[in-house]
Amino acid sequence: MWRSSRSFSSKLLLRSSSPNPRDPIASSSIISTSYGVVRNPHLYSSSIPASSSSASDSFKLGFPQPDGARAFSATAVDLSSLASASASRARQVADLASHYARCYWELSKARLSMLVVATSGTGFVLGSGSALDFPGLCWTCAGTMMVAASANSLNQVFEINNDAKMKRTRQRPLPSGRITIPHAVTWASSIGVAGTALLAGKANMLAAGLAASNLVLYAFVYTPLKQIHPVNTWVGAVVGAIPPLLGWVAASGQVSLNGMILPAALYFWQLPHFMALAYLCRNDYAAGGFRMFSLADASGRRTALVALRNSLYLLPLGYLAYDWGVTSGWFCLESSILTLAISYAAFSFYRDRTAQKARKMFHASLLYLPVFMSGLLLHRLPDNQQLVQEDNSMEVVELSSSLGTLAEESENLDQRNHEMGSTGGKQARPPVAYASVAPFPFLPAPLYAAP
Ligand SMILES: CC(C)=CCC/C(C)=C/CC/C(C)=C/COP(=O)(O)OP(=O)(O)O
């Protein structure tokens, strides 16, 4: 096994260092040959047979041309070949650009990265309060996309040999030899550094730190762990839970308890999602050399149980979102219905462990996340309402204490006014702060000190 993977990797190294017909940079001879047509005057003149033949034919027919006409026709020939050479060069550049754009897209696992961006963007909106900083949201999404793309590209660099052995992944750019390892590493490091710098400059250092740490956790801890221990799925669930927290932190500048609803949902949601995948693709994972949980569970019972347990853990999240003032009560209802649906799919899989039931659970998980996030956004309470809701229970107590203080202060004021009136001084007025106590009963009533 070890020997075969070693010989495979040496084949890959050979492939990436020798000219590769599918990697346009590695097969530079093709490009330089055709570029030579433009740059090298000898090649250039020999590459214009069609139009030059008409010029030489006129000599053969015995109609000598005057010098000026000859020079003119030569220049016309030169110009037309120059135009066709530059058109072919432009085509090659366009082909090269589209080849690498496709490789970068696949290396970045663009659809997965866009899902990651959606969770981070939702976290940003939830952490924004009443005023949404739209440019801030765009910068955060762009930075998250870049760091996630970098993490996914590094994951493929480290898994090149494993991906080559799996049906699902063998067409990826690295195992199929469409891009070289140094090229992929250069791409991954440049977007990783640029994305982290973007988050540091446009959001804050905490968000940038979370993104960078998550990249390390995914590429350097989770990725090797996949070949070592089934606990990898739980570590991967932490990786997936960080982006919504990153979004919240980018908007609010801090980690807070009510910012943990979406990260918790992402963490628990990933277990039924990845357990379904690990069950459905278990032969492929085994061929790739990955130690997934489902491989040591021939009956699938424990795999289904993990999925069911973690689906049920999603149940309190709707209530907590409501109780912690993140959303209105409607979300509590919606989230409960949604969680019961995914739990039912997991329970069906537990009772009847077939590929069909596992696929159903996978589809239920695909539905869960976008609906859960839309519900959060739809029923989210802006900051001022959150504060009122959070302190609803304290309202009566605080209000009566504020009123008590007000009455006391007002008595003192009357006394002072009376004294001042009797001395003929200016009449003292209560500060405006008193009037602002009403909508914020949680604030301590300001003490009024006469000037
Ligand atoms: C900001 C930042 C760094 C975000 C990173 C987010 C991220 C990459 C989440 C993916 C989570 C995950 C466990 C994916 C599965 O990878 P896999 O290796 O099992 O997938 P594969 O088998 O298709 O390669």
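Start at 1 and go down the list; that is how both ligands and their atoms are numbered.
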Would you say [atom1] of [X] has more than 12 non-hydrogen atoms from neighbouring residues, nucleotides or ligands within 6.0 angstrom?
{"X": "R102", "atom1": "CZ", "answer": "no"}
{"X": "F158", "atom1": "CZ", "answer": "yes"}
{"X": "W139", "atom1": "CH2", "answer": "no"}

Which residue and atom name correspond to the protein heavy atom nearest [atom], and how close is it?
{"atom": "atom 22 (O) of ligand 1", "value": "R168 NH2, 2.8 Å"}
{"atom": "atom 9 (C) of ligand 1", "value": "V239 CG1, 3.9 Å"}
{"atom": "atom 6 (C) of ligand 1", "value": "V116 CG2, 3.8 Å"}
{"atom": "atom 2 (C) of ligand 1", "value": "N214 ND2, 3.6 Å"}
{"atom": "atom 17 (P) of ligand 1", "value": "K226 NZ, 3.4 Å"}
{"atom": "atom 19 (O) of ligand 1", "value": "Y222 OH, 2.7 Å"}
{"atom": "atom 16 (O) of ligand 1", "value": "Y218 OH, 2.9 Å"}

Distance under 4.0 Å to a non-hydrogen atom of [X]: what atoms of ligand 1 satisfy this?
{"X": "L215", "result": "3 (C)"}
{"X": "K109", "result": "18 (O), 20 (O), 21 (P), 23 (O), 24 (O)"}
{"X": "E159", "result": "24 (O)"}

Taking only non-hydrogen atoms of [X], do any sit less than 4.0 angstrom from ligand 1?
{"X": "F290", "result": "no"}
{"X": "Q156", "result": "no"}
{"X": "M166", "result": "no"}

Inset, instruction - Check for a donor-acceptor pair, side chain of S294 on one end and backbone N or O of T303 on the other, with a separation under 3.5 Å. - result: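 Checked: no pair found.
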Legend entry - Side chain S120, main chain V116, donor-acceptor under 3.5 Å: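 Checked: no pair found.
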Using a 4.0 Å heavy-atom threshold (strictly under), name the region of [X] that reaches ligand 1: side chain, backbone, both or neither.
{"X": "R172", "answer": "side chain"}
{"X": "N152", "answer": "side chain"}
{"X": "N155", "answer": "side chain"}

Legend entry - Among G236, S120, P243, closest by any non-hydrogen atom to atom 13 (C) of ligand 1: G236
Inset, instruction - Mind telling me whether Y279 and F349 have parallel, tilted or perpendicular rings, with 30° and 60° as the class edges? - result: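 Perpendicular: the ring planes of F349 and Y279 meet at over 60°.
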Inset, instruction - Using salt bridge (Lys or Arg N to Asp or Glu O under 4.0 Å) as the criterion, point out the one residue from K357, K360, R301 that pairs with D352. - result: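 When salt bridge (Lys or Arg N to Asp or Glu O under 4.0 Å) is applied between D352 and each of K357, K360, R301, only K357 qualifies.
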Inset, instruction - Tell me yes or no: between the side chains of K226 and N162, is some donor less than 3.5 Å from an acceptor? - result: no
Inset, instruction - Indicate whether any N or O donor in one side chain lies under 3.5 Å from an N or O acceptor in the other, for H273 and S365. - result: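 On atom types as modelled, these side chains qualify, holding a pair under 3.5 Å.
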Inset, instruction - Begin with the C-alpha distance, continue with both residues' side-chain angles, and end with the deciding distance and a verdict on side chain to side chain contact (heavy atoms under 4.5 Å, CB included) for W234 and V306. - result: CA-CA 11 Å; W234 283 263; V306 169; 3.6 Å; yes
Inset, instruction - Could you say whether the N/O atoms of Q270 and ligand 1 ever approach to under 3.5 Å? - result: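 The answer is no, given that Q270 and ligand 1 share no N or O pair closer than 3.5 Å.
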Inset, instruction - Provide the closest heavy-atom pair for S113 versus M145 in the form atom of the first, atom of the second, distance. - result: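 Answer, listing the atom of S113 first, then M145: CB-CE, 3.7 Å.
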